[in-house]
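Notes to accompany the following structure.
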Number of protein chains: 2
Amino acid sequence: MEGSAVSDSQDGQIASPRRAPSQQRSRERVERMLAAASALIAEQGSDAMRMGEVAERAGVSIGSLYQFFPDKRAIIWALAERYTAESQACIAAALAEVNDAEGLRQAFSELVDIYYRLFLAEPVMRDIWSGTQADKALRELELADSRANAEFLTAVLKRLRPSADPEALETTAFLIWQMGEAAMRLAISVDRQEGDRLVAAYKRMALRELLGA
Amino acid sequence: MEGSAVSDSQDGQIASPRRAPSQQRSRERVERMLAAASALIAEQGSDAMRMGEVAERAGVSIGSLYQFFPDKRAIIWALAERYTAESQACIAAALAEVNDAEGLRQAFSELVDIYYRLFLAEPVMRDIWSGTQADKALRELELADSRANAEFLTAVLKRLRPSADPEALETTAFLIWQMGEAAMRLAISVDRQEGDRLVAAYKRMALRELLGA
DNA sequence: TGGCAAATGTGAGGATTACTCACATTTGCA
DNA sequence: TGCAAATGTGAGTAATCCTCACATTTGCCA
C-alpha cells in the first residue's frame, strides 16, 4: 500500500490523478476527458457539469473517467492547475526585468490588461476562479498561485525600495494581487462599461500604492 | 394562480419563502428551522448541511421545511439576508454624520475593524460569504448589498469633494468596498497575524484613496 | 513468438441526498 | 359547531456521484 502512485482527494486536500496514465493510449484519453470537461464547463458551468456527460463526450466509460480522476473536483482542479501554471510563467516573465518605477508601471499595467482580457474571454477560467471560494482544494491552489505571483511583485519592490520593511512589501504585494483578482471578478459580473471603469480604478489604486512609497 | 404568495427560486433568481407563515405557530417553527440551519452551518459549513438534519434538529418534518423554503439555497439566502440588513443599518449609521476628512478616517477605520471582527467571530457569515461566488442568487444579494453600502460611502465623498466627478467617486467607493470584502476573506483564511497585517494594509490603502484626492 | 502480469476499460448498481405529493391534522372564524 | 384554509407528515422519486467485479489490451521477457 505504500509506494503506490495513488493519491485520492480527501476532505479539502488536493486531488491529483488516481493513477498516472503511463501508456500513450491512456494519456490521449485523459486529454479527451479534460477537453470534454472544459467544453462542458464553458457551456454550462462546472456546477452543472455531469460526470456522465464528460465521459460520454470524451468517448469513454464512466469507469475510465474515475480511473484517472478520484472525483469530480479533481477534473476541475487539473484544469485550474494548467491555467495557473501558464499564467505564472507569463507573470514571471513580465516582472523579471523590471528595474525602475516606470518599468513597473508599464509591466503592471500590461499584466492587469492581460488578466482582464483573459477573464473576459475564458469562460472556463472564469468559472473555476468563481468556484474558488467554495472549494477548499481550489482555494488552496489559488492562494498558492497568488502567493507565488505576489513574490515576483515583491522581488521588484525590494529592488525599487531596498530600505523598506521586506515583510510590509510582501503583505502589500499579496494584498494587491488578491484585490486584483477580486476586482476582475467584480468587473466581469457587471456590464462591460462599468467593468472597464472598475479595472481602471483598481489599476490606478494599485499603482499609487506600488510606486508612491 | 396569480396573486399567490409563492415565489420559487429558479435558475439564479431570488428564493423567497414558498409560503409566508401566517400563524404564530408556523412563524416559530420557521425560526427554529433557521436556527438549526445556522447551527449546522457553523459546525460543518453550508455545503455539508443536510436538509434532513436541519429538519430533525428543528424538530419538524422534512415536508414542513419545504413548505416554507423552496430549496436548500433559500434557507442560506434567508440567513444571508438577515446579516446584510443588520450590517447595512450599522454602516449607514456610522457614515451618515461624517462631514470632514478626519471623521471619515475614523468612521472608516472603525467599520473595517467591526467587519473584521465579525468575519472572525461569525462562522455562519463567513461561510455564506464564501459561497457567494458560486451561487448566483447569493452573489446578486452581495452585489446589491455592496452597492448599497458603497452608496453611503459615495455620499460622504461627494460631501468632501464636491468638485470631483460623481461617477468616478461611485466607482471608487464600490471598488473599495468589494476589495474590503476580498481582503477580509483573505485575512481569515491565513493565520491571524498575517490576517491582521493584511487588514491593516487594506485600511491604509483604502484611506489613502478615500482621503488623498 | 507465446504467454503473462500490469495497465487499462466497462457499465450496472450502490449510496446519498435534494425535493415531491397525497393525505392527516390543526387553526381561525362565521 | 362546522368548515375552509393553513399547516404538518414522511415514504417515495429522481438525479447524480462514485464503486467494483470482471473483461480487454498492452508491454515485455523467455
Side-chain angles (χ1 to χ4, degrees), chain A residues 1 3-11 15 17-33 36-37 40-41 44-77 131 134-135 137, chain B residues 1 3-11 15 17-33 36-37 40-41 44-77 131 134-135 137:
Chain A
M1 50 201 88
S4 88
V6 179
S7 167
D8 279 19
S9 83
Q10 280 180 0
D11 196 32
R18 178 178 292 251
R19 172 165 232 155
S22 74
Q23 301 178 3
Q24 178 74 18
R25 171 181 50 141
S26 56
R27 246 173 281 139
E28 281 169 9
R29 296 178 116 237
V30 167
E31 281 309 310
R32 285 218 305 281
M33 296 172 199
L40 284 168
I41 291 173
Q44 330 161 359
S46 58
D47 222 50
M49 179 189 89
R50 306 291 162 220
M51 293 300 270
E53 218 174 338
V54 173
E56 190 185 19
R57 200 178 280 211
V60 304
S61 70
I62 185 76
S64 284
L65 195 52
Y66 280 93
Q67 192 96 56
F68 298 99
F69 300 98
D71 55 34
K72 182 174 171 177
R73 291 163 40 207
I75 292 194
I76 297 167
W77 200 87
D135 187 299
Chain B
M1 49 203 87
S4 88
V6 179
S7 169
D8 280 21
S9 83
Q10 281 178 0
D11 196 31
R18 178 178 293 250
R19 173 165 233 158
S22 74
Q23 303 178 2
Q24 178 75 18
R25 172 179 50 141
S26 55
R27 245 172 283 140
E28 281 168 7
R29 296 179 116 237
V30 166
E31 280 310 309
R32 285 219 305 282
M33 296 172 200
L40 284 169
I41 291 173
Q44 331 161 357
S46 58
D47 223 49
M49 178 188 91
R50 305 291 163 221
M51 294 300 269
E53 218 175 337
V54 173
E56 190 186 16
R57 200 178 278 212
V60 303
S61 70
I62 185 77
S64 284
L65 193 53
Y66 279 93
Q67 193 96 55
F68 299 98
F69 300 98
D71 54 33
K72 183 175 172 178
R73 290 163 40 207
I75 292 194
I76 296 166
W77 199 87
D135 187 298

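Side-chain atoms are counted along with the backbone in the values below, which use heavy atoms only and exclude waters and symmetry mates. Numbered from 1 within each chain, the chains take letters A, B, ... in sequence-line order.
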Rounded to the Å, how far apart are A/L40 CG and D/dT16 C1'? 15 Å
Options C/dT8, D/dT9, D/dC18, nucleotide nearest the side-chain atoms of A/I62: D/dC18
Answer whether the closest heavy-atom distance between the side chains of A/E28 and A/Q24 falls below 4.5 Å. yes
In this structure, CZ of A/R50 is separated from CZ of A/R57 (nearest 0.5 Å) by 13.5 Å
Find the distance B/I76:CD1 to C/dA18:P and express it as a whole number of Å. 10 Å
The side chain of A/Q23 lies closest to which of these nucleotides: D/dC17, D/dT9, C/dT8? C/dT8
Residue mapping more 5' on DNA chain D - nearest nucleotide basis, A/M51 or B/G59: B/G59
Among C/dA12, D/dC17, C/dT10, the nucleotide that comes nearest once only the side chain of A/R50 is considered: D/dC17
Tightest non-hydrogen contact, residues B/A74 and B/P70, listed as CB-CD, 3.6 Å
Between C1' of D/dC18 and CZ of A/F68, the distance in whole Å: 16 Å
Side-chain contact, heavy-atom cut-off 4.5 Å: B/R29 with B/P21? no
B/S64 side-chain N/O to D/dT9 phosphate OP1/OP2 under 4.0 Å: yes
Greater than 12 external heavy atoms within 6.0 Å of B/E56's CD: no
Using a 4.0 Å heavy-atom cut-off, does A/S26 contact any base of the nucleic acid, only the sugar-phosphate backbone, or nothing at all? sugar-phosphate
Whole-Å distance separating the CG atom of A/D47 from the P atom of D/dC17: 10 Å
Selection from D/dC18, C/dT8, C/dT27 that lies nearest to any side-chain heavy atom of A/R25: C/dT8
Between P of C/dC21 and CG of B/L65, the distance in whole Å: 16 Å
Taking atom P of C/dT8 as reference, at what distance in whole Å does atom CZ of A/R32 sit? 14 Å
Would you say A/R29 places a side-chain N or O within less than 4.0 Å of OP1 or OP2 belonging to C/dT8? no
State which of D/dC18, C/dG9, C/dC19 makes the closest approach to the side chain of A/D71. D/dC18
Give the nucleotide from the list C/dA18, D/dC18, C/dT8 with an atom nearest to the side chain of A/Q67. C/dT8
Taking the nucleotide of DNA chain C with the nearest heavy atom to each, does B/G52 or A/R27 sit closer to the 5' end? A/R27
From CD1 of B/I75 across to P of C/dA18 the rounded distance in Å is 10 Å
When B/S22 and B/G63 are each assigned the nearest nucleotide of DNA chain D, the 5'-most assignment goes to B/S22
Do A/V54 and A/K72 touch side chain to side chain, with heavy atoms closer than 4.5 Å? no
Would you mind telling me which of C/dA18, D/dC18, C/dT8 lies closest to the side-chain atoms of B/Y66? C/dA18
Quick one: A/K72 NZ to D/dT19 P, roughly how many Å, whole number? 15 Å
